[in-house]
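Notes for the one structure printed next.
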4 protein chains.
Amino acid sequence: MSVMTGGNRVSGGERGSGRRAELLSIAAEMFAVRGVAATTVREIADEAGILSGSLYHHFESKEAMVDEILRGYLSAQLERFRRVVEAGYEPYTTVGELIHESFAALHRHRWAMAILHNEAGRLAEFDRFGYIESANREFERIWVRVLRQGQRNGVFRAGLSPRLAHRFIRDSVSASVRWYNPSGRMSVRGIAEQYTRIFRDGMVAPGGE
Amino acid sequence: MSVMTGGNRVSGGERGSGRRAELLSIAAEMFAVRGVAATTVREIADEAGILSGSLYHHFESKEAMVDEILRGYLSAQLERFRRVVEAGYEPYTTVGELIHESFAALHRHRWAMAILHNEAGRLAEFDRFGYIESANREFERIWVRVLRQGQRNGVFRAGLSPRLAHRFIRDSVSASVRWYNPSGRMSVRGIAEQYTRIFRDGMVAPGGE
Amino acid sequence: MSVMTGGNRVSGGERGSGRRAELLSIAAEMFAVRGVAATTVREIADEAGILSGSLYHHFESKEAMVDEILRGYLSAQLERFRRVVEAGYEPYTTVGELIHESFAALHRHRWAMAILHNEAGRLAEFDRFGYIESANREFERIWVRVLRQGQRNGVFRAGLSPRLAHRFIRDSVSASVRWYNPSGRMSVRGIAEQYTRIFRDGMVAPGGE
Amino acid sequence: MSVMTGGNRVSGGERGSGRRAELLSIAAEMFAVRGVAATTVREIADEAGILSGSLYHHFESKEAMVDEILRGYLSAQLERFRRVVEAGYEPYTTVGELIHESFAALHRHRWAMAILHNEAGRLAEFDRFGYIESANREFERIWVRVLRQGQRNGVFRAGLSPRLAHRFIRDSVSASVRWYNPSGRMSVRGIAEQYTRIFRDGMVAPGGE
DNA sequence: TATGAATGAGGGTTCATTCAT
DNA sequence: CATGAATGAACCCTCATTCAT
């Protein structure tokens, strides 16, 4: 029976109990690698060395874990994007910085990025995860604004659709989370440089065609 | 999904019983939109107007449905890629054609592409779906070969990593399946043109920086 | 995760599959004797000789089973009460008939009555069971009307609160479901006669006090 | 509830630590309103402003809390009934006094009465709560004796079954605990008077039928 | 006394799959 | 080909209880 007055524990607060962050980190990796639905709470608990029921001492539900992981990433990343914009560089530089920040997240928030890339579509449908779409809209606003400004300045090609260009960048960066291997040969910095180069100048050599 | 590499009874052949193709099409869309794991066989059956048990007269398992959907797409797409290469254009043109074929698939094999983009990582682990990685490797071989050739000819930038460039293109095209709306303002052709432009020449206007 | 588009099976229809009624009858007795919350679906299934999951082929949930049991009783009983009222007897006789019907239900709808008596308070809070209070209100309306009419006719004591009298009768009949034993010495008819006697004339002998 | 007839450590004594009585009072209300099984120890602790684990410094178990609540009520009420009987009134008066004491308990031991009415059947099965049936038997003995005596004296109707009459009275008084509202219009005294009237003289007006 | 982390058993429910009809 | 009843394993979550601090 789902009909129960049920408790109203808090358990959400920011009392960074250490243990909490540890559990969240374990869960984030598993959610990213196996998928949220395909990761069972027992598996998370096993990995943490506790019983599945004990997880509920720390989190209200599996959903709440996902929620906390994504919220942390999105709010931090939005904050960084806003700071870039407020620095008031020219569009060319700003775009470079935004790309830089995006790849930096690949390092800092790898699992959250992966989860978001893989499951945003499914999650966004639920009220609880409404903030995902809000955040996405703000990311787009920021990108579109700077791209348009660059087009007015003549630094970016006029025929380009800013919204399409934004999706282009966003998708290619996000998708890379799937194959990026932190201990591989290719560093984040290396990938970022190559990608930025393509975004800016394309693959064709000067005087190529 | 238990992924039992079990028997491959009769259900395989291309004796398109019509009903079979119809069921597969229903399933493909649901797998793409909701995710394979999140789509239950009952939901597929409901949508088809039959009972879930009846699906098993047409397909061995849910897995088998996914299998058939992906196999159809991959073999057709590989065939098209091979034909492009065998036409023997110059690298610049070949790359254009490959991109064109990729976007054409967005139209022809929308659901299969989406499923593959979303679940390849998870599926590829199972023996049954080993062919996914084989196919991906062949796609990569084709791309890398033509990009290298273009670099030798001086048409593509020398500093570029062909494998990275391949992933870049593959990911940005694949990811677009998530937001592409066939009845929206942006046509596949329009998206393809803009993306090709960026791949080739970047976003910066000539003499921009 | 509770967030799922979830199916919308019907399974509710009146296709009296026999099996369905059988399962419901098993459940009703257990709910009545042990309490709804204390009866597990596994226990019900055990008693029916199937697995717990199989119950969900017939009913959407445990709650739905309770629902069906109670609805059946309440609608049938309301119908009988309405018919009594429509017969247009005098108040004295009508009250007798209502009491008679109440005790008849002790026989016909024993388990449903017990469940209702034991759990109405808890269940009525949930929207799904809102009809319980509606039904109770209608029962009360019927009782209060006939008692008032009898007071006006001078057949029932004037000082009596009709609502209180209704509760009095309702509670004493309902509570008897707890100790009533169909195979015991005391028949429903016997209990009904004694109770009716007390309701009408009290325990004190004529000229007693 | 596991009902382990385990050790009866120290926690029993009446050394009313104040806090203890307070916790018990909180629990009693919750047990009465939501049901024993449906009330979690965490909810009780929440209401008391402590953590659930801390409850176990005061009580051995949830069961022990129920036990203490019921024991308190039953022993006090039995005591009062015995005193009424020992006063040696005539049956007519004694019955009035017993009813009076029953309704007085509605005021004094409201929650305990409710718990007993709602869960006696379930609890009585466990050894630990064997005293419930003992107490009930003694209540019955008292009632039956005075009713029989009244019948011999000619003050109560001869055809009446004393045991049935006892249940009748007991059930209607007990059940009223469910709808009795201490801050409502109807006082305990008022209810008691009306009920006593019905018990004694019925609802029919003198010369009514 | 109180905390807070953990236990362990069990609860309702879901779902791919089987199979007699 | 389709039905519908059943399986059996797994899933998320709950809760009374314990215990080191």
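Residue numbers begin at 1 in each chain, while the letters A, B, ... track the order of the sequences.
Remark: P of E/dG12 and CE of C/Met30 are 11 Å apart, rounded to the nearest angstrom. Here E/dG10 presents its C1' atom at 15 Å from CD1 of C/Ile44, a figure rounded to the nearest Å. Protein atom CG of A/Leu23 is 12 Å distant from nucleotide atom C1' of E/dA6, rounded to whole Å. The CG-P distance, from C/Asp46 to E/dG12, rounds to 12 Å in whole Å. Here E/dG11 presents its P atom at 16 Å from CE of C/Met65, a figure rounded to the nearest Å. F/dC1 atom C1' lies 14 Å from atom CZ of B/Phe59, rounded to whole Å.
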Point to revise | Verdict with supporting geometry, A/Glu29 and A/Arg110, salt bridge (charged side-chain N to carboxylate O under 4.0 Å, His left out) | key: CA-CA 9 Å; A/Glu29 175 167 354; A/Arg110 198 179 159 204; over 6 Å; no

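Residues D/Met65 and D/Phe31 have side chains in contact (heavy-atom distance under 4.5 Å, counting atoms from C-beta outward). With a 4.5 Å cut-off on side-chain heavy atoms, C/Ile115 and C/Ile69 count as touching.
Contacts of D/Thr40 classified as side-chain contact (heavy atoms from CB on, under 4.5 Å), with partners at least two apart in sequence or in another chain: D/Arg42, D/Glu43.
One N or O on the side chain of B/Thr39 and one on the backbone of B/Met30 form a donor-acceptor pair closer than 3.5 Å. A distance-only check finds a donor-acceptor pair linking the side chain of A/Arg20 to the backbone of A/His58 [under 3.5 Å]. Counting only distance, with no hydrogens or angles, the side chain of B/Arg122 and the backbone of A/Arg34 share a donor-acceptor pair below 3.5 Å. Looking at A/Asp67, its side chain never comes within 3.5 Å of a backbone N or O of A/Glu63 through a donor-acceptor pair.
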Check your understanding: Tell me, what's DNA chain E's dot-bracket, Watson-Crick or G-U with both distances under 3.5 Å, | for other-strand, [ ] crossing?
Key -> .||||||||||||||||||||

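Neither OP1 nor OP2 of E/dA5 sits under 4.0 Å from any side-chain N or O of A/Arg20. Considering only side-chain N and O atoms, C/Arg19 lies nowhere under 4.0 angstrom from the phosphate OP1 or OP2 of F/dG4. Taking 4.0 angstrom as the limit, C/Tyr56 places none of its side-chain polar atoms (N or O) nearer than this to OP1 or OP2 of E/dT14. Residue C/His58 places none of its side-chain N or O atoms closer than 4.0 Å to OP1 or OP2 of F/dG4.
With respect to B/Glu22 and B/Arg19, a salt bridge is recorded, a charged nitrogen being found less than 4.0 Å from a carboxylate O.
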Interface polar pairs with nucleotides 7-11 of chain F, N/O, under 3.5 angstrom:
unit_1 : atom_1 : unit_2  : atom_2 : d
F/dT7  : OP2    : C/Leu51 : N      : 2.8
F/dT7  : OP2    : C/Ser54 : OG     : 3.1

